[in-house]
Amino acid sequence: QVQLVESGGGLVQAGGSLRLSCTASGRTFSTYAMGWFRQAPGKEREFVALISWSGSRTQYADSVKGRFSISRDNAKNTMYLQMNSLKPEDTAVYSCAADLYSRLVADTRVYDYWGQGTQVTVSS
């Protein structure tokens with residue numbers, strides 16, 4: 001079992017920055033990969049970024065590449081998403097997810113546990 005709690009969302013102007021955090025409990029954090037996904041109103045959930053258990057491998061959606069950065073601190077059981085140069089189209093509920101078998105693919109179906117999500121709103 002893994003419990004995930006996101007924080008750090010909020011309202012920001014276009015061009016601004018936010019850092020999201022995802023704190024995990026339960027199974028040893030350093031043994032599984034993690035990902036960030038987002039869902040805008042009326043749209044399907046979409047992949048944002050993922051990171052391997054060690055942090056040595058990352059992957060990003062094309063829409064956020066160069067603006068967002070995923071990282072993790074295994075000593076703190078926490079994963080981060082640094083979001084810079086935010087755009088109104090980044091507005092969504094952002095959720096973190098645990099990939100217990102480290103399949104490292106951008107597919108919601110392989111993720112085993114999900115957080116409740118945190119709202120990010122970017123105003124123009």
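Just so we're clear, the structure is a prediction, and the values are computed from it rather than from any experiment.
Nearest heavy atom pair, residue Ser123 against residue Leu11, reads CB-CD1, 4.4 Å. Between Gln82 and Ser17 the shortest heavy-atom distance is NE2-CB, 4.0 Å. Annotation for Ala14 and Ser124: closest pair CB-CA, 4.4 Å, computed over non-hydrogen atoms. Looking at every heavy atom in both residues, Gly117 comes nearest to Glu6 through N-OE1, 2.9 Å. Among all heavy-atom pairs drawn from Arg67 and Leu86, the shortest one is NH1-CA, 3.9 Å. The two residues Tyr113 and Gln1 have their closest heavy-atom pair at OH-CA, 3.5 Å.
A donor-acceptor pair under 3.5 Å is absent between the side-chain atoms of Arg103 and the main chain of Ala33, judged by distance alone. Not a single donor-acceptor pair under 3.5 Å links the side chain of Asn74 to the backbone N or O of Ser54. For Thr58 (side chain) and Ile51 (main-chain N/O), no donor-acceptor pair under 3.5 Å exists by modelled atom type. Not one N or O on the side chain of Gln116 forms a donor-acceptor pair closer than 3.5 Å with the backbone of Val5.
Partners of Phe29 under the ring-ring contact (aromatic ring centres under 6.0 Å, His included) rule, at least two apart in sequence or in another chain, are Tyr32.
Val2 and Leu50 are assigned to two separate hydrophobic clusters, defined by single-linkage of ILVMFWY side chains at heavy-atom distances under 4.5 Å. No single ILVMFWY cluster, assembled from side-chain heavy atoms under 4.5 Å apart, contains both Met83 and Tyr80. At a threshold of 4.5 Å between side-chain heavy atoms, the hydrophobic network of Ile, Leu, Val, Met, Phe, Trp and Tyr places Leu4 and Val120 in one connected group. Val64 and Tyr111 are not part of a single hydrophobic cluster, where members link through side-chain heavy atoms under 4.5 Å apart. Hydrophobic clustering (side-chain heavy atoms under 4.5 Å, transitive across Ile, Leu, Val, Met, Phe, Trp, Tyr) groups Leu20 together with Tyr60.
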Stepwise salt bridge (charged side-chain N to carboxylate O under 4.0 Å, His left out) check, Asp90 with Lys87: CA-CA 5 Å; Asp90 294 318; Lys87 304 175 181 180; over 6 Å; no

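Taking CZ of Arg72 as the reference point, atom SG of Cys22 lies at 9.5 Å (rounded to 0.5 Å). Distance OG1/Thr108 to CZ/Phe47: 11.5 Å, rounded to 0.5 Å. Here the CE atom belonging to Met34 is positioned 4.5 Å from the SG atom belonging to Cys96, to the nearest 0.5 angstrom.
Ring centers of Phe37 and Trp114: under 6.0 Å apart, within the cut-off.
Taking 4.5 Å as the limit, some side-chain heavy atom of Glu46 sits within range of a side-chain heavy atom of Arg38.
Crowding of Lys43 atom NZ: a count of heavy atoms from other residues, nucleotides or ligands under 6.0 Å not exceeding 12.
When each of Val105, Leu100, Leu104 is paired with Val110, the side chain to side chain contact (heavy atoms under 4.5 Å, CB included) condition holds for Val105 and for no other.
Counting only N and O atoms by type, the side chains of Thr23 and Asn77 include no donor and acceptor under 3.5 Å apart.
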